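Keep in mind it's a predicted model, so treat the numbers as computed, not measured. Indexing begins at 1, ligand by ligand and atom by atom, following the structure's order. All values below were derived from every heavy atom in this structure, side-chain atoms included, with hydrogens, water molecules and symmetry-related copies excluded.
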Amino acid sequence: MRLRYSKVINLLERKGLDAILVSDAFNMRYFSGFTGGTGYLLITKRSKYLFTDSRYTIAAQAQAPDYIVVEVDASRDYCKEINAVIATEKLETIGFEAKRVTYSEYASLKEKLTIKGLVALGGELATLRRIKTKEEIDRMRQAEHIGDIAFEEVLHHIRPGVTEIEIAAKLEYIMKLNGAEKLSFETIVAAGKNSSKPHAEPGEYRIEKGDFVTMDFGCVYKGYCSDMTRTVVVGAANKKQKEIYSTVLKAQLSVLEMLKPGLKGKEYDKVARDIIYGAGYEGYFGHGLGHSVGLEIHEDPRFSMIEEDIVEAGMIMTVEPGIYIPDFGGVRIEDMVVITEDGYENLAHSTKELIEL
Ligand code: ZN
Ligand code: ZN
């Protein structure tokens, strides 16, 4: 936590601010340890304050021992308490998280805070979360491992007649039995033609012989997310299914082969995109190649067509190319990897050979 605090102090100095008002729940957790997600942190050059209400005070004191926990009264007038700190510390400029504050919340802060400068920040605090520590990586390794266990087990339940929702429920149940706190996002199970929708919601559709079944799922372990996707075929795959699958796999493996620090996110996206488009599937890969993961399921930087940010050691990224043919079906293969000094470590260990159930 001390290192994280010093990074915030560094940010204050760079931006010429006296303090930062943190309202994003993930940033609150990252910088204080408080998991309640309700209230604000106020980080100044002298002290750290956590403002929350009586529902969370006890948890906040236990989870954020190096913060001064201030309980707001039943009126929930945060500005009154923040103003007290502004007065005692003689603060003149405070940065706030413009991306996470609603317009009405901003209007209220602007009206009530007795501060000269209220300065809009972008994603600067989230940027400080990009490089993961060993402890964070260990948690995500475990989260992805839980995903591997769930995938292996769920294969025994995929057969004609079973619904997508049943498969999703199995995945979620197995992950929770194996240590998951919750899901990192709503599980996607898409079978048959539904698999041509990259973010299909699992429904009542019953799996038929010959279907692709795409499963995109993940869990949260000690606050950190996992993310993986596998696509299988129920019964024997036909020629077109094999061709689509092998093209997606080739794109994914080609990116992994060259993965190391130093290149821009868009350069990796291009490698996968060139392979998929070159095989005749231009127009059928409508999303980016991947994203960073951490406390949040989708973090920056991205592997996208426009990402200029450089991939660095210690980042955790997904590599998830796909091909989606309307009225036919689709394939996505996704691993979550840690970028290391000279390459990467794949946190997913489930096979990527085409599975015909
Ligand atoms: Zn995913
Ligand atoms: Zn993903």
Does a salt bridge link Arg302 with Asp300, judged by any charged N lying under 4.0 Å from a carboxylate O?
yes
Does Tyr5 have more than 12 heavy atoms from other residues, nucleotides or ligands lying within 6.0 Å of its OH?
yes
Any idea which N/O/S atom from His291 gets closest to the Zn ion (ligand 2)?
NE2
Return the CD1 to OH distance between Ile325 and Tyr284, rounded to the nearest 0.5 Å.
5.5 Å
Show your working on side chain to side chain contact (heavy atoms under 4.5 Å, CB included) between Ile82 and Val70 and close with a plain yes or no.
CA-CA 9 Å; Ile82 297 168; Val70 180; over 6 Å; no
In the protein, how many N/O/S atoms are under 2.8 Å from the Zn ion (ligand 1)?
4
Which distance, rounded to the nearest 0.5 Å, do you find between the CE of Met317 and the CG of Leu289?
8.0 Å
Aromatic contact, Tyr78 with Tyr40 (centres under 6.0 Å)
yes
Would Phe285 and Ile333 show up in the same hydrophobic cluster when neighbours are defined by side-chain heavy atoms closer than 4.5 Å?
yes
Measuring to the Zn ion (ligand 2), does His298 have an N/O/S atom at a distance below 2.8 Å?
no
